[in-house]
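Quick notes on the structure that follows.
We count residues from 1, following the sequence as given. Nothing here was measured: the structure is a model prediction, and the numbers come from that model.
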Amino acid sequence: MSDIGEIRMQVMWNRLISVVEEQALTLLRTAFSTSVRESGDLSAGVFNPRGEMLAQAVTGTPGHVNTMAEAVLQFMNEIPREEMYEGDTYVTNDPWQGTGHLHDITMVSPSFLNGELVAFFACTAHVVDVGGRGFGADGKSVYEEGIQIPIMKFAEKGVVNRDLVKILRCNVREPNQVVGDFYSLAACNEVGHRRLVGMMTEIGLASLDGLGAFIFSRTHNAMLERIKALPKGTWSNELVTDGYDDPVKLAAAVSVHEDHLNVDFSGSAPMSRWGINVPVIYTKAYACYALKCVVAPDIPNNAASLAFFTVSSPVNILNAARPAPVSLRHVIGHMVPDLVLGAMAQALPGKILAEGAAALWNIHISARPVAGSAGRRAEVLMFNSGGMGARPELDGLSATAFPSGVHTMPIEATEHTGPIVIWRKELRPGSGGDGEFRGGLGQVLEISALDGHEFDFSAMFDRVKHPAKGRNGGKDGQAGVVKLDDGTLMRPKGWQHVPAGRRLILELPGGGGYGDPARRSAEARAQDQSRGYVTEDGK
């Protein structure tokens with residue numbers, strides 16, 4: 001290919017990325033749920049007619065993006081090509097064919113140009129409610145966790161399936177928000193389609209085959225070069241999480257070969273009777289993310305780069321089989337990167353950050369007036385983040401969502417959705433593990449219902465009994481705490497009640513430190529003190 005040809009292809013590749021960015025922004029701007037609109041809990045991407053991901057939007061979580069990369073093939077297997085029409089949109093929330101739990105809606109739309117299928121657009125988003133027991137770990141099977149939507153048509157030839165919409169409205173607690181998000185997802189794909197067709201028409205492309213070959217060949221060659229430079233062998237790691245009522249052991253063995261990396265999760269705990277199980281599609285999504293952060297963080301994420309990573313596992317908590325309860329699959333799933341990175345730290349000493357809080361401290365609040373009082377009912381979902389682990393040459397980031405990458409919801413947006421008050425939201429001094437480089441801080445939140453109201457909440461917390469570990473001599477981060485303002489300790493998982501007049505206090509865990517604390521500079525310790533990052537005793 002000539003230099004001019006390469007430049008032209010690179011320009012078109014950049015144009016394609018701008019198409020999916022606009023696709024994602026459409027979802028951000030039109031979504032009804034705060035988890036999508038404010039936190040970016042979504043993904044968007046464009047695929048070739050064979051279901052291979054060409055490009056993804058920057059906005060989005062690895063759990064959504066990397067599961068979406070496989071989900072499109074599931075849609076293609078269920079809906080024959082001859083039954084795909086212009087104006088179609090397909091939908092599912094099947095945990096094993098989508099993103100791992102029922103709260104995530106995946107939509108796929110075929111894109112036609114002059115009657116020929118040229119691409120698919122896909123997007124995912126977390127909705128506020130799917131019925132059932134609500135967002136929590138208390139279900140004993142997926143059947144209790146909410147409405148299940150098999151792969152089906154949300155719209156055919158531009159006509160929305162009104163029967164599906166009626167069924168949705170009858171099965172969820174917030175029908176306007178949920179149905180509104182369905183339309184937002186469909187609009188997201190439609191915008192992507194329009195921009196793609198406009199681009200192809202402008203450039204004079206009849207298909208994306210040539211551009212796709214350019215994208216995949218460049219990505220493949222770059223990935224292969226990085227993998228060849230890695231040490232070869234197998235390294236193992238174990239990590240213990242809180243679980244629901246008993247600790248859960250996670251185990252991984254990372255094998256680096258000449259042309260691919262495999263992660264095997266044999267030895268992990270068996271499936272749980274609670275909703276903390278993880279379908280393997282979600283486990284793979286975060287295992288791939290961790291490996292890519294190490295191997296090739298600067299190489300685009302597409303079908304060619306993901307093809308270098310494989311996952312194997314018997315049926316266990318990280319490869320849960322239907323009909324296991326999976327509502328909180330993210331809590332264990334978010335631990336997978338720390339698990340995998342712990343193995344990679346043996347292969348690449350001095351290159352891998354310490355463990356962090358990992359799992360988001362999501363809380364779902366079901367607020368209502370106390371008996372005999374007037375008021376409003378509402379379902380409120382909050383995303384909160386603890387501290388990241390310290391890095392080999394830098395302190396950990398505080399109150400940062402790694403590995404999920406979602407944004408923290410603004411207090412004002414959260415309070416607007418229901419009768420609750422956030423009295424306090426601040427960094428938690430002393431929660432980051434000491435070291436040459438300090439772990440990131442967790443945060444403290446204080447939440448109550450408005451006067452005349454009470455609430456139940458679903459706790460989805462971890463690192464309460466098993467804090468983030470430091471690396472290379474760094475100290476562990478502080479464990480999390482869940483309590484009421486009168487000192488009553490609450491459970492880290494499951495639905496619980498906060499009576500009127502009481503406040504719920506969440507003390508989020510900090511990240512582990514990196515390196516010997518004796519090597520931390522006097523200047524850095526003085527800054528810790530002046531910024532209030534440590535307690536009075538300097539810890």
Main-chain N/O of [Y] paired with [X] side-chain donor or acceptor, under 3.5 Å:
X    : Y    : value
T99  : P95  : no
T92  : I149 : yes
K493 : G243 : yes
W423 : L445 : no
E446 : R503 : no
R173 : G132 : yes
D94  : P150 : no
N171 : I147 : no
S268 : A251 : yes
N277 : S272 : yes

Any [X] side-chain heavy atom under 4.5 Å of [Y] side chain:
X    : Y    : answer
D41  : F383 : yes
S184 : L27  : yes
L353 : Y514 : no
I363 : L504 : yes
E426 : Q443 : no
V481 : R428 : yes
V326 : E145 : yes

Residue [X] excluded, over 12 heavy atoms near [atom1] under 6.0 Å:
X    : atom1 : result
Q527 : CD    : yes
H416 : NE2   : no
R29  : CZ    : no

If you draw the axis of the six-membered ring of W495, does the NZ or CZ of R133 fall within 45° of it and under 6.0 Å from the ring centre?
no

Between [X] and [Y], which heavy-atom pair has the shortest distance, and what is it?
X    : Y    : result
F120 : N48  : CD1-O, 3.6 Å
G386 : A357 : CA-CB, 3.7 Å
S43  : M68  : OG-SD, 3.3 Å
A343 : V254 : CB-CG2, 3.7 Å
A413 : T34  : O-CG2, 4.2 Å
L328 : G136 : CG-C, 3.8 Å

Using the ring of each side chain (for Trp, its six-membered ring), is [X] parallel, tilted or perpendicular to [Y], with breaks at 30° and 60°?
X    : Y    : result
F461 : F457 : parallel
H334 : Y286 : perpendicular
H364 : F135 : perpendicular

So, are [X] and [Y] salt-bridged, with charged N and O less than 4.0 Å apart?
X    : Y    : result
R463 : D338 : yes
K140 : E144 : no
R424 : D485 : no
R471 : E355 : no
R329 : D104 : yes
R368 : D456 : yes
R438 : D434 : yes

Please report the C-alpha distance between K284 and E70 in whole Å, then the side-chain angles of each, then the deciding distance to 0.1 Å, and finally whether the salt bridge (charged side-chain N to carboxylate O under 4.0 Å, His left out) criterion is met.
CA-CA 10 Å; K284 183 178 180 181; E70 294 197 12; 2.9 Å; yes

Have [X] and [Y] got a donor and an acceptor in their side chains that come within less than 3.5 Å?
X    : Y    : result
S366 : E379 : yes
R195 : Q23  : no
Q148 : N93  : no
D138 : Y244 : yes
W361 : S385 : no

If you measure from CG on N189 to SG on C123, what distance do you get to the nearest 0.5 Å?
4.0 Å

Here the gap from S327 atom OG to W274 atom CH2, rounded to the nearest 0.5 Å, amounts to 13.0 Å

Residue pairs fulfilling salt bridge (charged side-chain N to carboxylate O under 4.0 Å, His left out) with at least one residue in residues 285-296, sequence neighbours excluded
none

Can you check side chain to side chain donor-acceptor pair (under 3.5 Å) on T219 and N302, steps first, answer last?
CA-CA 8 Å; T219 303; N302 55 45; 3.1 Å; yes

Going by side-chain hydrogen bond (donor to acceptor under 3.5 Å, both in side chains), name the residues that satisfy it together with K483, two or more places apart in sequence or in a different chain.
E507

Test salt bridge (charged side-chain N to carboxylate O under 4.0 Å, His left out) applied to D242 and R491, step by step:
CA-CA 11 Å; D242 296 351; R491 292 181 288 117; over 6 Å; no

Between H126 and H64, does the ring-ring contact (aromatic ring centres under 6.0 Å, His included) criterion hold? Intermediate values first, please.
CA-CA 9 Å; H126 183 110; H64 282 145; 7.5 Å; no

Show your reasoning for whether side chain to side chain donor-acceptor pair (under 3.5 Å) applies to S109 and T89.
CA-CA 4 Å; S109 304; T89 297; 3.2 Å; yes

With ring-ring contact (aromatic ring centres under 6.0 Å, His included) as the test, pick out the partner of F154 among F75, Y90, Y183.
Y183

